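Atoms considered below: every heavy atom in the structure, side chains included; atoms not considered: hydrogens, waters and symmetry mates. Note that the structure is predicted; figures quoted are calculated from it, not measured. In listed order, ligands and their atoms are each counted from 1.
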Amino acid sequence: MDYIKAKKLLEKYGQQHLLRYYGELSDGERAELLSAISEIDFSILSCAAADGKKGVGKLSPADAMPLEETAERFKEFYDAGINAIKRGKVAAVLLAGGQGTRLGIDAPKGTFNIGIERELSIFACQMANLLPVAESAGEYPYLFVMTSTVNDGRTREFFKQHGYFGYRSDRIHFYVQRTAPAVSREGKILLEEKYKPVLTPNGNGGWYTSLKNSPCGKILERAGIEWLNVYGVDNVLQKICDPVFIGATLLSGLPCSGKVVKKVSPEERVGVLCKENGLPAIVEYYELGEEYKSLRDNSGGLVYCYGVILNYLFNVAQLDKISQKPLPYHFAEKKVSYIEDGVKVTPESPNAYKLETLTVDLIKLMGGCLGFEVERRKEFAPVKNMTGTDSVDTARALLIENGVKL
Ligand code: UTP
């Protein structure tokens, strides 16, 4: 793309400021800027603005399979699940493309050392939960790790350096998710250098499309994988390829399922399983209105009580059917450094929006979802912040409570 074309394109979308420093740039920097501009999908800016205005539909509460039922049918579920793993029908997908801005480390979040007296990365912690499942099944489920352009090299290197945490290395494959521009509150794309727009990972919603478009897509087909267990990097008690969860989902006949925990308070920052316009859906905490959030039943319990922990099982055939449908964009408020009047500004608090699609929005499209309640203190130890709520401190305490040596 040349300067004239770039200028025209930017004028169309009201983003001419991206060329503001063009006159000061070297030839190499000019080429880099024009190439970055040519790769941005500007249409998502207007889509995102329209999506942002839509809001959520009519909500009603959703049920989940209670802990008591799982306890009663444990063996039935376990057998069905382990059998599916043995037959190679299940693979895992680790969503590790996020930037972990709240944790504030300059490294992939999974490499963070949660250990106290020994080194124990978040990745190691999670792999220690997957390995025993593979060993009992006598079959190592494939693990597809989604990274971003920001952390791909360092993530691959970390797995390699740590001997793939004792897992079969030929069963672990990496792929990179796409990026989207970060915008100011006024909707202007930010520059991180005079020749470089801020491009950030475009949310975890595109995990399946990115997987299919990468060499991992071929592996998925060749291996005949029918179910994908998708999980987030930031829960150190995450049970991966949990046979009981898999079995319960298969026996339910539903095309997807999500692990849920009872929320501890109306304000807890987790997506909530509910029905939106009659269909199973998950609404993010920042989009759930006060009238729903705090609603209590006669016995004082929260009506919208089931929080998701980013651990889902998706049927691949159904994903293929819906993967052409676009997911809405969300504006995630984040701290983003940028150039203003030629000078780098590093904000102290959130100043910009990243454009993200979310996995929770896939649920609505899947056309059915089993909510599967799990014991909170055994399976949910989120690491979002360094201290305080959902932090390294709280996660360490829960790991210790679960017998993990730190
Ligand atoms: P979060 O919503 O916590 O985002 O991600 P984040 O970027 O990791 O952290 P903050 O908000 O900046 O502090 C939830 C899960 O989704 C993954 C993350 O790696 C995490 O497992 N994710 C998020 C992606 O894989 N890609 C993304 O673009 C965003």
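- The protein atom (non-hydrogen) at minimum distance from atom 26 (N) of ligand 1 is Gln177 OE1, 2.6 Å.
- Distances below 4.0 Å separate heavy atoms of Gln99 from the following atoms of ligand 1: 6 (P), 7 (O), 8 (O).
- Under the side-chain hydrogen bond (donor to acceptor under 3.5 Å, both in side chains) rule, Lys384 has a single partner from Asn235, Thr389, Asp234, Thr394, which is Asp234.
- Side-chain contact of Asn204 with Thr359: a donor-acceptor pair under 3.5 Å is present, judged by distance alone.
- Under 3.5 Å, the side chains of Asp152 and Thr147 contain a donor-acceptor pair of N or O atoms.
- Looking only at heavy atoms of the protein, atom 12 (O) of ligand 1 is closest to Thr101 OG1, 2.5 Å.
- For atom 24 (C) of ligand 1, the closest non-hydrogen atom on the protein side is Gly98 N, 3.2 Å.
- With a 4.0 Å cut-off on non-hydrogen atoms, Thr359 does not touch ligand 1 at all.
- Of the heavy atoms in Pro201, both backbone and side-chain atoms come closer than 4.0 Å to ligand 1.
- The single protein non-hydrogen atom nearest to atom 11 (O) of ligand 1 is Lys334 NZ, 2.6 Å, given as residue, atom name and distance.
- Taking the six-membered ring where the residue is Trp, Tyr164 and Phe174 present tilted rings, their angle falling between 30° and 60°.
- Inspection of the Gln318 and Asn315 side chains reveals no N or O donor paired with an N or O acceptor under 3.5 Å.
- The ligand atoms of ligand 1 that sit less than 4.0 angstrom from a heavy atom of Met146 are 25 (O).
- Between Glu221 and Lys212 there is a salt bridge, with a side-chain nitrogen of the basic residue lying less than 4.0 Å from a carboxylate oxygen of the acidic one.
- Taking a cut-off of under 4.0 Å to the non-hydrogen atoms of Gly232, the atoms of ligand 1 that pass are 21 (O).
- No hydrogens or angles considered: a donor-acceptor pair under 3.5 Å links the side chains of Asn311 and Gln238.
- Residue contacts with ligand 1: Leu310 is placed with no nitrogen or oxygen under 3.5 Å of a nitrogen or oxygen of the ligand (distance criterion only).
- Given atom 5 (O) of ligand 1, the protein heavy atom at minimum distance is Asp234 OD2, 3.9 Å.
- The shortest N or O to N or O distance between Leu103 and ligand 1 is not under 3.5 Å.
- For ligand 1, the atoms lying closer than 4.0 Å to a non-hydrogen atom of Lys384 are 1 (P), 3 (O), 14 (C).
- Centroid-to-centroid, the aromatic rings of Phe245 and Trp227 stay 6.0 Å apart or farther.
- When only modelled atom types and interatomic distance are considered, Tyr140 and Asp170 share no side-chain donor-acceptor pair under 3.5 Å.
- From the protein, the heavy atom lying nearest to atom 25 (O) of ligand 1 is Gly97 N, 2.9 Å.
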